[in-house]
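Just so you know, these numbers come straight off a predicted model, no measurement behind them. By convention in this document, chain letters (A, B, ...) are assigned in the order of the sequence lines, proteins followed by strands, and residues within each chain are numbered from 1.
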Protein chains: 2
Amino acid sequence: MENPKTPPSLSAKIADAIRTAIVDGRLLVGDRLPSESELADNHGVSRATVREALKRLAAQSLIRTERGAFGGAFINHLSYAEARAQQVTTSTLLLGMNAISFQVACEARYALERSCTSLAAERRTDALLATMRSEIDSQSTRDLSDEAFCASDVAFHRALVDCAGNEVLSYHLAGSVEAMQPLMNMITFTARSRAEIIDLHRAIVSGLERRDVASVDRALATLEAYTITLGQTVLKARATR
Amino acid sequence: MENPKTPPSLSAKIADAIRTAIVDGRLLVGDRLPSESELADNHGVSRATVREALKRLAAQSLIRTERGAFGGAFINHLSYAEARAQQVTTSTLLLGMNAISFQVACEARYALERSCTSLAAERRTDALLATMRSEIDSQSTRDLSDEAFCASDVAFHRALVDCAGNEVLSYHLAGSVEAMQPLMNMITFTARSRAEIIDLHRAIVSGLERRDVASVDRALATLEAYTITLGQTVLKARATR
DNA sequence: GACGATATGAATGTCAGACAATTAAATGTC
DNA sequence: GACATTTAATTGTCTGACATTCATATCGTC
């Protein structure tokens with residue numbers, strides 16, 4: 001967690017000890033940790049140090065603290081929403097900080113997204129198909145900003161992965177899709193390219209409706225290739241400016 | 001990040017402000033934050049509060065701190081290893097805390113893993129194929145503990161996803177595969193089931209070598225079905241004990 | 001006895017000030 | 001110029017205090 005060259009601080013050590021206990025299942029959801037004063041005594045450190053350790057754990061949503069009598073630090077139930085938020089933050093930063101080519105990121109994202117098509121075609125619901133159509137309508141709005149277009153694009157793809165009816169799958173794929181958003185926001189979508197993308201979105205919905213996995217896969221592959229082309233255009237424009 | 005019912009603490013607010021600045025790119029890798037005292041003055045809080053905020057960010061590997069003159073808090077370069085470690089922690093806890101059926105988790109994992117087969121068959125290297133064969137040898141060792149068998153199984157599948165030659169894809173898939181390990185550790189692998197699994201691993205390697213995507217996909221599908229069967233056997237045994 | 005207002009106590013949240021430990025740079029010495 | 005020493009900046013930790021929150025117990029009134 002911390003630079004291995006510097007010896008870990010006391011607060012880091014205490015946080016690690018508690019984190020290990022949680023991951024190993026020695027502390028269960030809902031359990032209450034000892035009070036900060038007790039923890040301080042147990043570990044032979046000051047309360048301030050214990051508090052720093054607890055804040056580290058809170059940042060990972062491992063614990064939640066409540067004030068007042070019989071308050072304290074409780075082992076948190078990690079919800080899908082919290083887990084997804086963390087995964088998106090981590091993945092977004094990873095993509096932003098590692099000079100990853102747009103093409104590699106895109107290739108990974110669409111490879112992952114294709115993993116849901118078979119289940120999605122099998123299990124898609126009318127409600128989710130309606131959501132996807134509604135997002136397509138949004139994307140067709142005139143004078144839509146590029147950011148809004150991207151946001152709707154993300155919502156469309158999240159609905160697509162949700163069609164697979166597997167929360168765990170949705171969690172992983174949502175991380176992969178949303179982490180791409182900052183990269184996608186670099187692209188300026190012309191009316192021409194928007195029309196192209198919307199057509200492919202229509203093909204995806206239609207394919208899901210007919211439970212035609214192959215046609216969904218084809219549309220996604222075309223979308224991937226087209227997105228990479230758009231990305232390369234942007235990069236070329238940047239290089240020559 | 002924190003319970004929305006309770007108003008966020010000052011340290012949480014300060015951490016959020018800095019986190020947003022990092023994610024938005026207003027703070028770049030290597031940038032140094034003001035010293036704790038300066039941050040305390042700027043935000044009108046005590047140093048202890050600032051420190052709690054910084055520990056939250058450190059827990060997410062967003063910053064790294066160095067002591068001494070001209071030390072301080074620096075925006076951290078998020079490496080693949082750090083990102084993967086965090087993703088694994090989050091995903092493991094998500095699976096452990098949400099009463100997810102073994103079947104759903106397994107379905108998600110293998111769906112995701114299949115997303116790399118096409119690229120893997122195309123790009124597999126001799127080195128990675130050798131790694132996979134070596135893990136198969138490990139798995140064939142007599143008197144191997146179930147934990148060691150699982151660990152080797154994870155290493156095998158990580159080599160498989162690495163074959164795709166896409167770091168971003170490896171990052172996402174490693175999270176999905178490794179997070180399953182605690183669930184897999186609940187299974188006791190008989191000599192019979194080990195032999196079955198090893199046969200399928202051999203089929204995967206052979207398929208990659210021949211660049212035969214379909215046969216790799218088939219082997220993975222069989223492995224998925226077999227793993228789910230094993231999991232159900234365990235659950236039944238638990239239910240009746 | 002019932003019920004509402006109040007006190008109590010335990011816990012987290014925050015603060016102020018101090019000291020220790022660490023480290024790069026400035027300074028001094030040969 | 002090379003090397004040892006001092007210095008200053010910064011994080012890490014400790015102490016003790018007070019503010020805030022909140023469930024429970026207590027008390028007073030009817």
Most 5' of B:Arg67 and A:Ala48 on DNA chain D, judged by nearest nucleotide: B:Arg67

Find which nucleotide of DNA chain D each of A:Glu52 and A:Gly68 is nearest to by heavy atoms, and output the residue with the more 5' nucleotide. A:Glu52

Quick one: is [N] close enough that its OP1 or OP2 comes under 4.0 Å of any side-chain N or O from [X]?
| X | N | answer |
| --- | --- | --- |
| A:Thr49 | D:dC14 | yes |
| B:Arg47 | C:dA16 | no |
| A:Thr65 | C:dG13 | yes |

Could you work out which one of [options] sits closest to the side chain of [X]?
| X | options | answer |
| --- | --- | --- |
| B:Ser46 | D:dG12, C:dT14, D:dT13 | C:dT14 |
| B:Ser35 | C:dT12, D:dT10, C:dA11 | D:dT10 |
| A:Ser11 | D:dT13, C:dC15, D:dA8 | D:dT13 |
| A:Glu38 | D:dT13, C:dA11, C:dT14 | C:dA11 |
| B:Phe70 | C:dA25, D:dG12, C:dA10 | C:dA25 |

B:His157 vs B:His201 aromatic rings, parallel, tilted or perpendicular, using cut-offs 30° and 60°? perpendicular

What's the spacing between B:Arg124 CZ and B:Cys116 SG if we round to 0.5 Å? 14.0 Å

Minimum-distance pair of heavy atoms, taken over all atoms of B:Cys163 and B:Met132: SG-SD, 4.1 Å

For A:Arg19 and A:Asp16, run salt bridge (charged side-chain N to carboxylate O under 4.0 Å, His left out): C-alpha distance rounded to whole Å, both residues' side-chain angles, the deciding distance at 0.1 Å, then the answer. CA-CA 5 Å; A:Arg19 182 181 306 112; A:Asp16 276 341; 2.5 Å; yes

A:Arg56 CZ to D:dG12 P: how many Å, rounded? 8 Å

